[in-house]
K.L.:
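Below you will find the structure I want to go over with you.
Remember, it's a predicted structure, so these values are computed and weren't measured experimentally.
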Amino acid sequence: MEVIAPVTQVNIDAVKTLREMTGAGMMDCKNSLQEAGGDIDKAVVLLRERGIAKAAKKIGRETSNGVIEAYLHRTGDYPPQTGALVEVNCESDFVAKGEDFRALARELALHITAAAPRWINRDEVPADLIQAESELFRRTAEQDGKPAGAIEKIVSGQVEAFYKQNVLMDQVYVRDAKVTIKDLIAANIGRLGENITVRRFSRFNIKEA
């Protein structure tokens, strides 16, 4: 006789907490909590994985609507000296007008202000710059006396770190060290049901050249 595992009963407060953390629907939150045995952290991971899975099906669809959002960073009563503008696109004006989509765009503007990315995607990084960085990393490793067999692995790791520091999609989200910007956008694609892309951004800091 087949044994059916008991369904974990979840607390409504936990469902609300998970919804506030992820923005997912109530039923999605409840089902993920049940599957995770009531563990909120595990449920967050499940929702992110599902959001990314949904997002993969929508990548490549045309994004001809969207918004431009801004963030200005203030320190106490001092006027803003750092800020960013970002254009975030989606498929329909219905989603573009929604508060969830605009909230994402504002979060991206805030992140760009704080993390100072230089490019949106890896394919925008000039190939000659990556080559020059690789040569610099290689010479440094050689001067440090690293074993010849390990140098290429070291260089590869440092190039990867360069991407994560400078490419928006590879950066760690400033509000959550467990999430990259690519993951954040993918989760919103899964939740809102449309492809979402960052078209362009500009960051300003009066103390930087």
Side-chain angles (χ1 to χ4, degrees), residues 1-63 65-67 69 71 86 88-112 114-115 117 120-123 157 160-161 163-165 167-199:
M1 181 172 129
E2 182 182 1
V3 177
I4 300 175
V7 175
T8 301
Q9 296 300 314
V10 296
N11 187 291
I12 188 63
D13 290 335
V15 175
K16 291 179 179 178
T17 298
L18 184 59
R19 176 174 170 77
E20 290 172 0
M21 291 173 64
T22 65
M26 291 292 284
M27 286 306 299
D28 286 335
C29 290
K30 180 180 178 181
N31 293 338
S32 295
L33 277 167
Q34 288 178 334
E35 190 173 337
D39 187 311
I40 289 181
D41 289 337
K42 289 181 180 178
V44 169
V45 172
L46 287 172
L47 285 170
R48 284 177 182 156
E49 288 175 348
R50 287 165 184 162
I52 291 170
K54 291 177 183 177
K57 299 177 182 179
K58 297 176 174 63
I59 297 299
R61 290 183 358 190
E62 183 179 1
T63 53
N65 286 278
V67 296
E69 285 288 351
Y71 175 78
V86 62
V88 186
N89 296 148
C90 58
E91 297 177 42
S92 70
D93 60 352
F94 175 78
V95 167
K97 293 175 183 177
E99 181 54 35
D100 288 344
F101 181 75
R102 296 196 64 188
L104 170 64
R106 288 193 291 270
E107 282 298 300
L108 291 172
L110 178 150
H111 173 89
I112 289 165
I120 298 172
N121 296 295
R122 291 191 182 198
D123 57 10
E160 185 69 16
Y163 281 128
K164 290 179 179 179
Q165 181 179 357
V167 175
L168 176 64
M169 292 299 167
D170 289 297
Q171 287 184 329
V172 171
Y173 180 31
V174 292
R175 290 194 192 273
D176 189 344
K178 298 178 182 178
V179 179
T180 65
I181 292 300
K182 181 178 180 180
D183 291 340
L184 175 66
I185 291 174
N188 278 271
I189 292 174
R191 183 157 56 90
L192 298 176
E194 290 193 3
N195 190 21
I196 297 172
T197 58
V198 177
R199 184 184 176 199

K.L.:
So which heavy atom on Leu46 is nearest to which on Ser32, and how close?
P.N.:
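Closest approach of Leu46 to Ser32: CD1-O, 3.7 Å.
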K.L.:
Can you give me the closest heavy-atom contact between Ala36 and Lys42, atom names plus distance?
P.N.:
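Nearest pair, atom of Ala36 first, then Lys42: CB-CB, 3.7 Å.
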K.L.:
Restricting to side-chain contact (heavy atoms from CB on, under 4.5 Å), what partner residues turn up for Ala105, sequence neighbours left out?
P.N.:
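side-chain contact (heavy atoms from CB on, under 4.5 Å) check on Ala105 returns Val67, Glu69, Val88.
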K.L.:
Any non-hydrogen side-chain atom of Ile112 less than 4.5 Å from a side-chain atom of Pro117?
P.N.:
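A side-chain contact exists here, since the closest heavy-atom pair is under 4.5 Å.
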K.L.:
Could you pull out all residues at least two apart from Glu99 that satisfy side-chain hydrogen bond (donor to acceptor under 3.5 Å, both in side chains)?
P.N.:
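Scan of Glu99 (side-chain hydrogen bond (donor to acceptor under 3.5 Å, both in side chains), adjacent residues dropped) gives Arg106.
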K.L.:
Could you go step by step and tell me if Met169 and Thr180 meet the side chain to side chain contact (heavy atoms under 4.5 Å, CB included) rule?
P.N.:
CA-CA 7 Å; Met169 292 299 167; Thr180 65; over 6 Å; no
K.L.:
Do Ile185 and Thr197 come within less than 4.5 Å of each other through their side chains, counting heavy atoms only?
P.N.:
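No, their side chains stay 4.5 Å or more apart.
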K.L.:
Does Lys97 have any side-chain contact (heavy atoms from CB on, under 4.5 Å) partners at least two apart in sequence or in another chain, and if so, which?
P.N.:
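Expected list: Asp93.
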K.L.:
Side chains of Val198 and Val86: does their closest heavy-atom pair fall under 4.5 Å?
P.N.:
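Yes, at least one pair of side-chain atoms sits under 4.5 Å.
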K.L.:
Mind checking whether Phe101 and Ile196 have side chains closer than 4.5 Å, heavy atoms only?
P.N.:
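Yes. Closest side-chain heavy atoms under 4.5 Å.
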K.L.:
Run through Gln165, Lys182, His111, Lys164 and flag the one making a side chain to side chain donor-acceptor pair (under 3.5 Å) with Gln171.
P.N.:
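The residue from Gln165, Lys182, His111, Lys164 that satisfies side chain to side chain donor-acceptor pair (under 3.5 Å) with Gln171 turns out to be His111.
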K.L.:
Checking Asp39 now: which residues fulfil salt bridge (charged side-chain N to carboxylate O under 4.0 Å, His left out) with it, not counting sequence neighbours?
P.N.:
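Scan of Asp39 (salt bridge (charged side-chain N to carboxylate O under 4.0 Å, His left out), adjacent residues dropped) gives none.
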K.L.:
Under 4.5 Å between any side-chain heavy atoms of Asn195 and Ile189, yes or no?
P.N.:
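Answer yes - side chains close enough.
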K.L.:
Sequence neighbours left out, what passes salt bridge (charged side-chain N to carboxylate O under 4.0 Å, His left out) with Arg61? Give chain and number order.
P.N.:
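Arg61 satisfies salt bridge (charged side-chain N to carboxylate O under 4.0 Å, His left out) with Glu91 once adjacent residues are dropped.
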K.L.:
Starting from the C-alpha separation in whole Å, work towards a yes-or-no answer on side chain to side chain contact (heavy atoms under 4.5 Å, CB included) for Val44 and Leu18.
P.N.:
CA-CA 7 Å; Val44 169; Leu18 184 59; 3.4 Å; yes
K.L.:
Is any side-chain heavy atom of Leu184 less than 4.5 Å from a side-chain heavy atom of Arg175?
P.N.:
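Side-chain contact under 4.5 Å: no.
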K.L.:
Can you name the side-chain hydrogen bond (donor to acceptor under 3.5 Å, both in side chains) partners of Asp28, sequence neighbours left out?
P.N.:
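Counting only residues at least two positions away or on another chain, Asp28 forms no side-chain hydrogen bond (donor to acceptor under 3.5 Å, both in side chains).
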K.L.:
Let me know which of Asn11, Ile40, Leu33 forms a side-chain contact (heavy atoms from CB on, under 4.5 Å) with Thr17.
P.N.:
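Among the candidates, only Ile40 passes.
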K.L.:
Considering all heavy atoms of both residues, which atom of Val174 and which atom of Ala114 are nearest to each other, and what is their separation?
P.N.:
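Val174 and Ala114 have their closest heavy atoms at CG1-CB, 4.0 Å.
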